[in-house]
Each structure stands twice: as structure tokens, then as C-alpha cells.
Amino acid sequence: MPSLLNVTPDEVPTFVTHLECSYTGKQYPADQLIGLSEAGKPLLVRYDLEAVRRAFSKDCLKERVGEFWRYRELLPVRQTKSIVRLGEVMTPILPADTIQKDYGCGEILIKDEGRLPTGSFKARGIALAVAMAKELGVKRMAMPTNGNAGAALAAYCGAAGIETFVFCPEDTPEVNVKEIAFLGAKTFLANGLITDCGKVVGAGKNAMGWFDTSTLKEPYRIEGKKTMGLELAEQLNWTLPDVILYPTGGGTGLIGMWKAFNELESIGWIGSERPRMVAVQAEGCAPIVKAFDEGNRHAEPWEGAHTIASGVRVPAAVGDFLILDAVRESGGFACAVSDDAIDISHKECAEREGILLCPEGAATLAALKQELGSGRIKKHESVMLFNCATGLKYPMESSHHKIDLKREVDFEWIRDC
Ligand SMILES: *Cc1c(COP(=O)(O)O)cnc(C)c1O
């Protein structure tokens, strides 16, 4: 990793040309405050990739700090003073060698995103969204969240001096709710799902004068999540794994990585080979899996969504067609795992690899096991799993023992515990 002596890429030009509706292709000028396109679909940031190709080289990266702002030429922020830094480290890729031997399969790599600020990969998207909001003069932001996005928003907005309103469904992990409030966001726990909270944010836009930072309802969170794709490609020396298993809620990360690979090919840093993208969901909330299996381009809202993997408890995603397009174009698939399977993989990875996954990360391991069984993932394929958050943010089953120090210590009992 580059040392602290290396330079931050602060004085680089920006190559953004325009925004584009991901559904109709209609173009919109960049540098304006905007949410969805007129068609009600996500907007994508477009760059002059020919110019990026001329100005940016793999060698440039050698001099830069090990943070995701190292890919500045492929990011939309124009002014360095808009950037709020909380330590956007490049996250490690950990080989799960023991589990690989247990399963008798190809290489298993875990990209551990729990090392990012506020303990989840939501920091990537939110860092970009907040930098752009600051650049465009936003004073108030709001979002619905299952926890991690709200925590990242509270942290980055707090540091940027932007007022923040966060709405959480009542089954959001408690530590997340406390974290969001402690970081200074006005925090509300609502008796509904994330989609219901999203309606509150949408309805309050005019009266409250806040900018809606919901997943894919502004153009920049995807650009932040895109850095996962840029980063993993660089870390694997500009090669890509055969399969990527991604726990999919709103799908920002999957869509962002797919965009990253296409942009990397356009600037000549990788070839046309791509990983097969697998969208992993929970059986209790699997709208993308249902749409994939039925051959549909859009997903119907999922009724009665429930799963312990709160990050993927997303009954309806605005970017459903972008997720499904990427999965299909890559030759991948979508699959759902049960909460019981998530629990088993969670414990397995903790004990066998020393890696405390979040339940969503555990879902990707459960999916790997399931699909090695089904044959949809082959024994020779290299696989990357995403651990999206630190496991410390989630409830853990306690399996410790109590010991009474007022009595004589019974070592035989301790040995047999
Ligand atoms: C948000 C989140 C997800 C889903 O990410 P998307 O890119 O929105 O699909 C998965 N896991 C965790 C821990 C999350 O916080």
C-alpha cells in the first residue's frame, strides 16, 4: 500500500460531460442539483473517457495514497474543497483458504468492506453524494435507511456541516439507530419498511427543503460504489475474479461495479472479460430473484419482507432493471438463501477464518455453498464475496459461559465447556 508520504490526487481535472437517464438515454447537464430523470429512473454520470485515457495511467496510481479518492479522474467531484475525508481506505481482500479447502472449490476471496468509515461500504456512496451535495450548495439532506447508509450520511454530513434527517424502519439494528443519532442526524424510527420511510422523505421534500439521498434517487452514490470495482481490479493487478457474489438490496454496488468494469475497459486498463455477477438476496425478501427467474426486466414489490440481513431487506428497488441487466449481461444469476443458512455461514466464517462477517456478507457465503451444490458455480471458478459491513454492528448469539470467582475454579469443567 502506498505510504502517507505519497500525494493525494487533489489537483486533477474532472472529466464529467453530462448525466444520462439509465432507462431512456436522455442527456442532462451535469453540475445541477437533480434526483431522478423525467422518466423517474436513475441518472448515470458520463465522462469523456477518451480524455481520461490520455490523462490517467496505472502509473499515476503508484504515487497516490491508499484511499478511494485515488481514482479521482473517474469521479465527478470538481473541487477538492468539496471532499470530506474520514479515512476512505482501500479495503483488504482476504483469501478464505480454510473454507476453500472444506468446500473443495476454487479460490474464495472476501472483500472486507467493514474497514470503511462508519463500518460499512455505504461510506463509499455517501462520501461521493455528500461531496457533490456540498459542491452544489445543499444545506439539508434526508434518507430512508436500514441502518448503514444513515450512519454514513450522518457522519459525512456532520463533517460537511449539512443538516441531516434520517428515517429508519423499526427493525433497524439498534446500534445503527443509536449511531446515527449520536453522529448528530435527526433520527426517526418508523413503524414501517424502508419503502414506507422513503415515502416520508419524498413527501417532505418541498416543506422541509431537503435533498433526497435515497438509494439511486441521486446520481452520485453509484459513482462512490463504483470505486469497489476499480479498487478490486487494481488489487488483483487488473484481472477480475470469475464470479462476484453481491448481497443485493438497492443494487448500487452491483450496478456501480458493472459501470466501473465498462469504464476500465474504455480507458484500456482491462479487456472485455467480466466476472459473472450474482445478486444474492434473502428468501424472505427476494424481488430480484423472482424477476430473474421469471425473465422479467422489472421486479414486483415484495410483500411482507423479512430477513435478519437488514441491508438486503429492500422490497422494491428503483434500479431493478439495472441490476437485472448487469446480471444477465454478465452471464450470472440471482439467488436467495434462507436466514438459517445465513446463520450457519456467519458462524462458519467466524470460527474457520477469523472473519466476523455481517449477515449480508454471510449470505454471500451461504449462496456460494448453495450454488456449488446446484452446479451454477463451478468448482474451478474463483469467487469474490462481499462483506459489506463490520459484523460488530449486528446482534450475535452469545455462547459464552459464566464463572463464579467466589468459588474454587473447576478446571475440569472449563476444559469440557
Ligand atoms: C446497503 C447494504 C447492502 C445492499 O447494498 P446495495 O448496494 O444497496 O444493494 C448489503 N449489505 C449491507 C450491510 C448494507 O448496508
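Values reported hereafter were calculated over all heavy atoms of this structure, with side chains retained and with hydrogens, waters and symmetry mates removed. Each ligand, and each atom within it, is numbered from 1 in the order the structure gives.
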Interfacing atoms of ligand 1 (cut-off 4.0 Å, heavy-atom, [X]):
X	value
Ala389	13 (C)
Lys225	5 (O), 6 (P), 7 (O)
Gly253	7 (O)
Gly251	6 (P), 7 (O), 8 (O), 9 (O)
Thr248	9 (O)

Counting both backbone and side chain atoms, is some N or O of [X] under 3.5 Å from an N or O of ligand 1?
X	value
Phe121	no
Tyr394	no
Tyr246	yes
Leu254	no
Cys388	no
Gly311	no
Thr252	yes
Thr215	no

Using only heavy-atom distances, determine whether the side chains of [X] and [Y] contain a donor-acceptor pair under 3.5 Å.
X	Y	answer
Ser374	Glu371	yes
Arg124	Thr227	yes
Arg72	Thr80	yes
Ser214	Asp212	yes

Close approach of Pro247 to ligand 1, heavy atoms, under 4.0 angstrom: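 Pro247: in contact with ligand 1 (<4.0 Å).
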Has [X] got more than 12 heavy atoms of other residues, nucleotides or ligands less than 6.0 Å from its [atom1]?
X	atom1	answer
Lys369	NZ	yes
Lys58	NZ	yes
Glu303	CD	no

Heavy-atom pairs closer than 4.0 Å: do any link ligand 1 to the side chain of Phe386, the backbone, both, or neither?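 Answer for Phe386: neither.
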Of the side chain and backbone of Asn148, name the one, both, or neither that has a heavy atom under 4.0 Å from an atom of ligand 1.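 The part of Asn148 near ligand 1 is the side chain, not the backbone.
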Specify the protein heavy atom at minimum distance from atom 1 (C) of ligand 1: its residue, its atom name, and the distance to 0.1 Å.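 It is Lys122 NZ, 1.2 Å.
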Protein heavy-atom partner closest to atom 8 (O) of ligand 1 - residue, atom, separation in Å: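 It is Gly250 N, 3.3 Å.
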Ion pair Glu300/Lys290, N-O distance below 4.0 Å: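 Between Lys290 and Glu300 there is a salt bridge, with a charged N closer than 4.0 Å to a carboxylate O.
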Are Asp31 and Arg78 ion-paired here, with the side-chain N under 4.0 Å from a carboxylate O?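 Counted as a salt bridge, because a side-chain N and a carboxylate O are separated by less than 4.0 Å.
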Calculate, to the nearest 0.5 Å, the distance between atoms CD and CD belonging to Glu113 and Glu231 respectively.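 It is 6.5 Å, given to the nearest 0.5 Å.
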Looking only at non-hydrogen atoms, find the nearest pair between Arg328 and Asn296 and report the distance.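 Scanning both residues completely, I find the closest heavy atoms to be NH1-O, 2.9 Å.
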